[in-house]
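In what follows, every chain begins at residue 1, and chains take the letters A, B, ... in the order their sequences are listed.
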2 protein chains.
Amino acid sequence: MAAHTHTRQNLAELTARLRQRDRRITGPRQLILDVLRREEHPLTAKEIHEQLDCDLATVYRSLRLLEEMAMVKRFDFGDGTARFELLGQNDDGHHHHLVCRECSTVVEIGECFRGNLESRIAQEHGFASVSHRLEFFGICPECQAN
Amino acid sequence: MAAHTHTRQNLAELTARLRQRDRRITGPRQLILDVLRREEHPLTAKEIHEQLDCDLATVYRSLRLLEEMAMVKRFDFGDGTARFELLGQNDDGHHHHLVCRECSTVVEIGECFRGNLESRIAQEHGFASVSHRLEFFGICPECQAN
DNA sequence: TGTCTACCTGCAAATGATTTGCAATAAGGG
DNA sequence: CCCTTATTGCAAATCATTTGCAGGTAGACA
Ligand SMILES: [Mn+2]
Ligand SMILES: [Mn+2]
Ligand SMILES: [Zn+2]
Ligand SMILES: [Zn+2]
């Protein structure tokens with residue numbers, strides 16, 4: 001699927017979801033999705049902002065909105081800075097990362113033990129709608145060499 | 001084991017570890033350990049500070065030092081505020097939590113699938129010393145009722 | 001196309017957690 | 001008890017993120 005197809009898809013979805021909430025299709029919102037579409041790893045608001053030409057506050061506001069609309073997913077690597085990834089349609093984006101403690105290289109980890117563990121924990125403690133947040137940290141091959 | 005025994009143990013360990021680094025045994029440092037010893041769930045720097053009578057900056061500096069000396073462990077519930085738990089000797093404190101998304105009730109989760117998953121991830125991606133951070137979120141029984 | 005209005009944006013100031021510079025103070029070895 | 005060096009209190013600085021406000025714009029409708 002070509003890039004422009006992705007773009008069209010993003011735009012169509014964005015349009016649809018924004019309409020449902022009486023929100024508007026603005027330049028910044030489209031551009032943020034475009035920036036995220038090009039990346040394979042999560043980006044910080046600042047990194048996104050550097051590739052755009054609008055106010056940082058707008059980036060934060062847009063990301064929050066896009067997150068509420070389930071078009072981007074927020075990740076937390078524990079360094080006090082949120083990171084965002086684009087979500088495909090019908091994808092809740094749940095997955096994990098392996099982050100190098102030295103150079104911050106990110107590896108995407110697809111697999112997840114999810115279902116069973118979550119439901120077991122829910123049952124054992126009487127909690128409902130249990131979710132989890134899991135990230136791995138280590139030293140990447142390159143940093144081991146140096 | 002009575003409370004004063006715990007206290008004595010903490011103090012002995014604190015003394016030993018501080019000496020090795022040419023650091024001093026001060027009131028705030030002892031008191032922070034005392035506060036943490038009374039709690040079963042992690043506390044924020046602010047919560048600790050409220051139970052003491054020293055500057056907040058001192059609490060932050062002390063917690064950082066105690067963390068470096070492996071006497072307390074830092075946890076991240078993803079709300080932008082670090083939390084700390086006391087570590088026993090020869091305990092790396094690795095465990096997880098189940099946090100209510102509504103009232104923030106914390107349940108300690110002892111079990112961990114650790115070893116196998118971490119080493120498998122390490123091997124598959126060539127990373128070394130892989131660790132992980134995992135927290136669960138859900139709605140506690142009480143909040144489900146309300 | 002022009003109008004209208006709710007939604008958006010830029011900008012600057014506010015927040016909240018955590019850190020840091022600095023001068024005053026205290027720990028503890030000798 | 002003294003001296004050196006670590007530690008503390010206080011205020012100011014950082015950093016990521018949010019918010020108030022006044023001017024700008026998307027888009028429904030005439
Ligand atoms: Mn990812
Ligand atoms: Mn715990
Ligand atoms: Zn690396
Ligand atoms: Zn609850």
Side-chain angles (χ1 to χ4, degrees), chain A residues 10-35 42-69 71-85 99 104, chain B residues 11-12 14-36 42-69 71-84 99 104:
Chain A
N10 281 165
L11 187 55
E13 197 164 346
L14 177 62
T15 303
R17 298 195 186 175
L18 283 173
R19 279 204 181 120
Q20 296 182 313
R21 305 196 182 199
D22 198 16
R23 303 320 258 292
R24 285 161 192 180
I25 299 157
T26 67
R29 292 174 184 174
Q30 293 177 55
L31 291 175
I32 288 174
L33 291 181
D34 285 346
V35 169
L43 293 181
T44 65
K46 187 190 289 186
E47 290 168 337
I48 293 171
H49 176 244
E50 285 165 356
Q51 298 188 45
L52 296 177
D53 158 59
C54 69
D55 197 81
L56 223 204
T58 298
V59 174
Y60 277 109
R61 281 187 281 230
S62 298
L63 284 170
R64 178 173 287 282
L65 176 66
L66 292 171
E67 184 189 13
E68 285 168 4
M69 301 197 314
M71 297 207 61
V72 305
K73 188 166 180 73
R74 176 189 303 259
F75 288 93
D76 176 6
F77 289 181
D79 65 348
T81 310
R83 278 151 220 274
F84 302 83
E85 264 185 37
V99 185
S104 298
Chain B
L11 186 55
L14 176 62
T15 303
R17 299 195 186 175
L18 283 173
R19 279 205 182 119
Q20 296 182 314
R21 304 196 184 198
D22 196 19
R23 304 318 262 291
R24 288 163 190 180
I25 299 158
T26 67
R29 291 173 186 176
Q30 293 177 54
L31 290 176
I32 287 173
L33 291 182
D34 285 346
V35 170
L36 288 175
L43 293 182
T44 64
K46 188 190 292 189
E47 290 168 337
I48 293 171
H49 175 245
E50 286 165 356
Q51 298 187 45
L52 296 177
D53 156 62
C54 70
D55 198 83
L56 222 204
T58 299
V59 174
Y60 277 109
R61 281 187 282 230
S62 298
L63 284 170
R64 178 175 286 282
L65 175 65
L66 292 171
E67 184 189 13
E68 284 168 5
M69 301 196 316
M71 297 206 61
V72 305
K73 188 165 180 73
R74 177 189 302 260
F75 288 92
D76 176 7
F77 289 0
D79 64 349
T81 309
R83 279 152 221 272
F84 302 84
V99 186
S104 298

* For atom OH of Y60(A) and atom P of dA16(D), their distance in whole Å -> 7 Å
* Quickly work out the H49(B) NE2 to dT8(D) P distance and round it to whole Å. => 13 Å
* Interatomic distance, R17(B) atom CZ to M69(B) atom CE [nearest 0.5 angstrom] -> 7.0 Å
* Asked: Once you round it to whole Å, what is the distance between C1' of dA6(D) and CG of L18(B)?
  -> 11 Å
* Asked: Using a cut-off of 4.0 Å on non-hydrogen atoms, how would the nucleic acid contact of R23(A) be classed: base, sugar-phosphate, or nothing?
  -> sugar-phosphate
* Asked: So, is T58(B) close to the dT7(D) phosphate, meaning a side-chain N or O under 4.0 Å from OP1 or OP2?
  -> no
* Asked: Atom CG of L31(B) and atom P of dT7(D): how far apart are they, to the nearest Å?
  -> 16 Å
* Presence of donor-acceptor pair under 3.5 Å, side chain of R24(A) and base of dG24(D) -> no
* Structure fact -> D79(A) atom CG is separated from dT18(C) atom P, nearest whole Å, by 13 Å
* Structure fact -> From CG of L43(B) across to P of dT18(C) the rounded distance in Å is 13 Å
* For the pair made of CZ in R83(A) and P in dT17(D), what is the distance, rounded to whole Å? -> 9 Å
* To do: Describe the nucleic acid contact of A82(A) in one word from base, sugar-phosphate, nothing, applying a heavy-atom distance below 4.0 Å.
  => sugar-phosphate
* Hey, does the side chain of T26(A) come within less than 4.0 Å of dT9(C)'s phosphate (OP1/OP2), counting only N and O? -> yes
* Asked: Contact class for R29(A) vs. all strands (heavy atom < 4.0 Å): base, sugar-phosphate, or nothing?
  -> sugar-phosphate
